[in-house]
There are 2 protein chains.
Amino acid sequence: MKQLKGRKAAKRPPPPEPDGDTQARILDAAHAVFIRRGTTGARMQEIAGEAGVNPALLHYYFRNKEQLSESVFRRAAAQLLPRVIEVMASDAALENKVARVVALELEHLSRAPYLPGYIISELHYHPDRVRQLLATVAGVTPEDVRPKVLPKLGRQLAAAARAGTLRRITADQFLVNLLSLCIFPFAARPMIMALVGLDQHGFERFIARRRDELADFFLRALRP
Amino acid sequence: MKQLKGRKAAKRPPPPEPDGDTQARILDAAHAVFIRRGTTGARMQEIAGEAGVNPALLHYYFRNKEQLSESVFRRAAAQLLPRVIEVMASDAALENKVARVVALELEHLSRAPYLPGYIISELHYHPDRVRQLLATVAGVTPEDVRPKVLPKLGRQLAAAARAGTLRRITADQFLVNLLSLCIFPFAARPMIMALVGLDQHGFERFIARRRDELADFFLRALRP
DNA sequence: GTCTATATGTTGATAGAC
DNA sequence: GTCTATCAACATATAGAC
């Protein structure tokens with residue numbers, strides 16, 4: 001989009017901030033505002049201001065607020081689960097999977113700590129968004145991995161239980177426990193910071209320690 | 001409020017639905033609507049309709065939307081943490097505390113599954129609400145228990161570590177792990193239902209199984 | 001593609017009768 | 001305490017000039 005017209009390119013003054021397409025600037029600004037205010041609390045005008053563009057342009061590129069918010073949610077949701085699902089669907093050993101998921105999620109969420117709160121809020125108030133969340137997971141591999149990852153994980157867990165390597169646990173409890181321990185601290189970040197008495201840096205150190213301990217904690221819970 | 005006037009009580013026709021004070025009816029309706037739509041998405045008119053009351057009465061009892069939403073949040077927040085803090089601050093043994101918190105939370109949240117999503121959303125979009133959340137915790141005992149519960153728990157954990165009963169873990173990681181495993185499944189309920197492929201009843205069974213396994217899972221992670 | 005101006009519809013809130 | 005009527009303040013969205 002926004003390719004130059006050629007004959008008039010030298011004459012027309014450049015836009016205020018030429019960094020990136022207008023559309024991309026809008027999407028980035030919308031991302032920030034929707035995460036800060038929520039879908040219903042976000043104001044188109046604030047997004048336009050943050051993007052440094054005229055408010056009418058939001059409707060030019062994205063038809064209305066609904067479609068804009070959907071684009072933002074899609075992009076945000078694509079950051080939360082796909083990589084975890086990918087690891088879970090792989091052929092790696094269970095211990096390896098746990099370690100990789102913990103490292104992956106804690107490192108990524110440290111850079112986007114507001115993501116879980118935003119996504120949980122969206123799914124809570126807009127149940128239809130669930131489909132868009134699943135769509136991001138479906139794209140991880142050529143085929144839809146979702147119906148596969150749980151049965152596969154289940155077989156892996158059952159085999160480990162028979163071999164005496166791990167205690168018996170169902171695949172869904174296994175997955176939810178792991179996701180809980182990784183994601184909840186970020187989703188409930190304000191609550192935890194207040195409860196434990198942490199400031200910004202304290203929380204970061206708290207997460208840093210977690211990176212070292214969490215996989216071990218989790219795997220010990222499954223020792224026979 | 002709304003005590004009868006005595007001399008005119010027999011003459012005036014009773015209000016449409018005499019069950020409960022008007023103020024309480026409004027608060028209950030507001031509770032439902034705020035949890036369903038979020039603070040910014042909630043409409044005063046919808047609350048009035050759900051309460052079966054004239055919209056103007058919302059402003060008569062609660063001055064404005066802000067104060068009404070604050071009353072609702074206070075009441076909701078009071079259901080999430082106080083009992084957990086109370087157990088944690090008690091003199092019970094660690095194994096006992098874990099078992100009681102798991103039983104307490106899973107049983108209560110099964111009846112109010114939308115509570116965690118609402119509270120996390122509120123804290124995410126209205127950081128000032130954190131103070132109101134802490135206020136609910138402070139009221140658990142005559143004095144403010146918050147500054148006490150973590151150090152006490154820490155000493156308990158350190159003693160257990162010295163005695164060789166439990167592996168060493170800090171009080172904050174202990175508390176956050178426990179809360180994560182209890183609360184996250186409800187906070188991320190729509191996501192989990194979609195990911196695992198559960199309907200309403202499937203989710204309830206999922207939680208029921210969790211009630212039996214979770215305390216054991218948690219304590220095994222801390223075995224030396 | 002970008003801007004100005006404006007239409008259109010809500011929403012929270014109040015005044016004042018009953 | 002409860003109701004009707006109404007206001008002022010946005011917020012989304014579009015029309016049309018440039």
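Each chain gets a letter, A, B and so on, in the order the sequences are listed, and its residues count up from 1.
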Visitor: Nearest whole Å is fine: how far is dA13(C) P from Leu57(B) CG?
Guide: 15 Å
Visitor: Considering only side-chain heavy atoms of Lys65(A), which listed nucleotide, dT12(D), dG1(D), dC3(C), is closest?
Guide: dT12(D)
Visitor: Is Arg63(A) close enough to dT12(D) that one of its side-chain N or O atoms is under 4.0 Å from OP1 or OP2 there?
Guide: no
Visitor: Run the salt-bridge test on Asp199(A) and Arg205(A) with the 4.0 Å N-O cut-off and return the result as yes or no.
Guide: no
Visitor: Rounded to whole angstroms, how far apart are CD on Gln45(A) and P on dT12(D)?
Guide: 8 Å
Visitor: Has Tyr60(A) got a side-chain N or O lying under 4.0 Å from the OP1 or OP2 atom of dT14(D)?
Guide: no
Visitor: Do the side chain of Gln79(A) and the main chain of Leu109(A) share a donor and acceptor less than 3.5 angstrom apart?
Guide: no
Visitor: Indicate whether OP1 or OP2 belonging to dT14(D) is found under 4.0 Å from a side-chain N or O atom of His59(A).
Guide: no
Visitor: Could you check His124(B), Glu70(B), Glu122(B) and say which one makes a side-chain hydrogen bond (donor to acceptor under 3.5 Å, both in side chains) with Arg129(B)?
Guide: Glu122(B)
Visitor: dT11(C) P sits how many Å from Glu46(B) CD, rounded?
Guide: 10 Å
Visitor: Could you give the CG-to-P distance, from Leu58(A) to dT12(D), as a whole number of Å?
Guide: 9 Å
Visitor: Taking atom OH of Tyr114(B) as the centre, does the number of heavy atoms from other residues, nucleotides or ligands within less than 6.0 Å exceed 12?
Guide: no
Visitor: What does Asn64(A) touch in the nucleic acid at a heavy-atom separation under 4.0 angstrom: a base, only the sugar-phosphate, or nothing?
Guide: sugar-phosphate
Visitor: Spell out, as yes or no, whether a donor-acceptor pair under 3.5 Å connects the side chain of Asn54(B) to the backbone of Ala56(B).
Guide: yes
Visitor: Can you tell me how far P of dA11(D) sits from CD of Glu66(A), to the nearest Å?
Guide: 19 Å
Visitor: For Ile47(A) and dA11(D), what is the distance between atoms CD1 and C1' respectively, to the nearest whole Å?
Guide: 12 Å
Visitor: Rounded to whole Å, how long is the line connecting atom CZ of Phe62(B) with atom P of dT2(D)?
Guide: 12 Å
Visitor: Could you state the CG-P distance from Asn54(A) to dT12(D), rounded to the nearest angstrom?
Guide: 14 Å
Visitor: From the options dT14(D), dT2(D), dT4(D), select the nucleotide whose nearest atom is closest to the side chain of Tyr61(B).
Guide: dT2(D)
Visitor: Describe the nucleic acid contact of Ala48(B) in one word from base, sugar-phosphate, nothing, applying a heavy-atom distance below 4.0 Å.
Guide: nothing
Visitor: May I ask you to evaluate whether Thr22(B) reaches the phosphate of dT2(D), defined as a side-chain N or O under 4.0 Å from OP1 or OP2?
Guide: yes
Visitor: Does Arg43(A) have a side-chain nitrogen or oxygen under 4.0 Å from the phosphate oxygens OP1 or OP2 of dT12(D)?
Guide: yes
